[in-house]
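Residue numbers begin at 1 in each chain, while the letters A, B, ... track the order of the sequences.
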2 protein chains.
Amino acid sequence: MVEHQEKDSGIRPVRADARRNIETILRAAAEVFDTSGVEAPVKLIADKAGVGVGTLYRHFPHRPDLIKAIIQKEVDACAKAALDFAASEQPVEALAKWMQRLVDLVATKRGLGAALHSGNAAYQSLPEYVFSRLTPVLRDLLDAAEAAGSIRRDVNAKELLIACMRVATPASEGDIVQARRMVALMVDGLRFTELNECDNEQRSSTNAIRR
Amino acid sequence: MVEHQEKDSGIRPVRADARRNIETILRAAAEVFDTSGVEAPVKLIADKAGVGVGTLYRHFPHRPDLIKAIIQKEVDACAKAALDFAASEQPVEALAKWMQRLVDLVATKRGLGAALHSGNAAYQSLPEYVFSRLTPVLRDLLDAAEAAGSIRRDVNAKELLIACMRVATPASEGDIVQARRMVALMVDGLRFTELNECDNEQRSSTNAIRR
DNA sequence: TTGCTAAACGGAATCGGATTCCGTATAAAT
DNA sequence: ATTTATACGGAATCCGATTCCGTTTAGCAA
């Protein structure tokens, strides 16, 4: 769905009006999501785009398809940011800064977090994409910090990623500042060792596993 | 709503059939929530209770009223558990253990977490109750650990509570073990100090505020 | 026991929003 | 200019939530 290019077989390309509508819908959806959250009625988006609901459903059969299309760019940008941090900072600092960048991503894109953790089967593809894109990035940052001896070696990247994205998900309550503090707290947890020596085991409250 | 006792004025007491129905509905709802999550259709609950939807709505006008009634006992039990830990453990250990107890609470009661963080205005009363009950408990545990010099002094209890409950909220993904590890990580974050000395400021990735 | 009445009951009716369906319109290939 | 696969719009349908109201009943008093 939403193929902008024809396959190299003899299939027709996407019609111009369709391509135009897809763009319009995406723009409208981004606006509506920002204003009313991801749970906003589909009709609202269709109306704002000046399009029938049928047209919207043709291009985005499931709501997550729409969200994913909007989020994709942001997620990619966040992934890229890791390279910059890694190049210009000490490993732990790069890690800490990227985690905050992650908070920005989740907190800014209203509903990304909610959609991500909804557990709804229809929303499968969204977490799949986000996690597959970001987990390796975090893994690399962790590896570097571990190699530098700055953090412990027993953390599962995806697990940490999920936890941080949850903490960062905005609610009626806490603003982004709270999310920042709590994510920073987790990074500090990575740096904590009983006697400030890494690689000791027998830790009272942890039993983490890598990968 | 759901007043089991008459007020001391001359108001009539709740009728026996009503009281009976309320009990039946609560039992049915608990079952359905466990089986199908908090978003299960109201009709399902009414049917299982052998009651019309009208009756259900009479006693529980909003879904959170139902959830709250079910959860309340569990939350209270969790709050009480803190006293036991505080009595029998070192402060940090009491803190760590209670946090894990909290994970149990959220992870076990399917949908408590989801309902808690939904942000839906209709669900207001639930987070209000949960946080008002648990925040002081956590605050006490933190105070004790701080007094013992085991953790830093700059953490906001409610903020930490929210973050942990979010991390512990079960999803399609991570099981309870992951939640445990991540919450333990946050506790470790509390114990972390740049050079393992508490009360130093100028920390790279934190800027917490108390209360 | 027998009314009497306020409270409670059940479920039909109503109200959205989501999703599907299909007759009409049109881009683009010939 | 003709053809036809695509795409379009929005009416129709579906489904769960919520309301409404005629009927039933618990509890009180005579």
K.L.:
Whole-Å distance between D:dC28 P and B:R15 CZ?
P.N.:
11 Å

K.L.:
How about B:R180 and B:D104: do any of their side-chain heavy atoms sit closer than 4.5 Å?
P.N.:
yes

K.L.:
Could I get the full list of side-chain contact (heavy atoms from CB on, under 4.5 Å) partners for A:A144, not counting sequence neighbours?
P.N.:
A:P91

K.L.:
Rounded to the Å, how far apart are B:I45 CD1 and D:dT18 C1'?
P.N.:
14 Å

K.L.:
Just wondering, do B:D84 and B:E89 contact through their side chains at under 4.5 Å, heavy atoms?
P.N.:
no

K.L.:
What is the distance, rounded to the nearest whole Å, between atom CG of A:L66 and atom P of C:dA18?
P.N.:
12 Å

K.L.:
It should be established whether B:H62 places a side-chain nitrogen or oxygen under 4.0 Å from OP1 or OP2 of nucleotide D:dT18.
P.N.:
no

K.L.:
Specify the separation, in whole Å, of atom CZ of B:R58 and atom P of D:dT24.
P.N.:
16 Å

K.L.:
Round to a whole Å and report the spacing from CZ of A:F60 to C1' of C:dT20.
P.N.:
18 Å

K.L.:
Taking the side chain of A:D17 as its heavy atoms from C-beta onward, which of D:dC8, D:dT19, C:dT19 lies nearest to it?
P.N.:
D:dC8

K.L.:
It should be established whether B:T55 places a side-chain nitrogen or oxygen under 4.0 Å from OP1 or OP2 of nucleotide C:dA8.
P.N.:
no

K.L.:
Main chain of A:C78, side chain of A:W98: is a donor-acceptor contact present, judged purely on distance under 3.5 Å?
P.N.:
yes

K.L.:
Nearest-nucleotide wise, let me know which of A:L56 and B:A40 is further upstream toward the 5' end of DNA chain D.
P.N.:
A:L56

K.L.:
Between atom CZ in A:R20 and atom C1' in C:dA27, what is the gap in whole Å?
P.N.:
9 Å

K.L.:
Where each residue is assigned the nucleotide of DNA chain D containing its nearest heavy atom, which of B:K43 and A:A18 is assigned the position nearer the 5′ end?
P.N.:
A:A18

K.L.:
Considering every strand and a 4.0 Å limit on heavy-atom distances, what is the contact class for B:V53: base, sugar-phosphate, or nothing?
P.N.:
base

K.L.:
Looking at B:N21, does any N or O in its side chain come under 4.0 Å of the phosphate oxygens OP1/OP2 on C:dC9?
P.N.:
yes

K.L.:
Can you tell me the distance, in whole Å, between the OH atom of A:Y57 and the P atom of D:dA7?
P.N.:
19 Å

K.L.:
Is the shortest side-chain N/O distance from B:H59 to OP1 or OP2 of C:dA8 below 4.0 Å?
P.N.:
no

K.L.:
Ignoring backbone atoms, establish whether B:R63 has a side-chain N or O less than 4.0 Å from OP1 or OP2 of D:dA17.
P.N.:
yes

K.L.:
By the salt bridge (charged side-chain N to carboxylate O under 4.0 Å, His left out) test, which pairs, at least two apart or in different chains, include something from residues 29-38 of chain A?
P.N.:
A:E31-A:K48

K.L.:
Measure CG/B:D47 against P/C:dG10 and give the value in whole Å, please.
P.N.:
11 Å

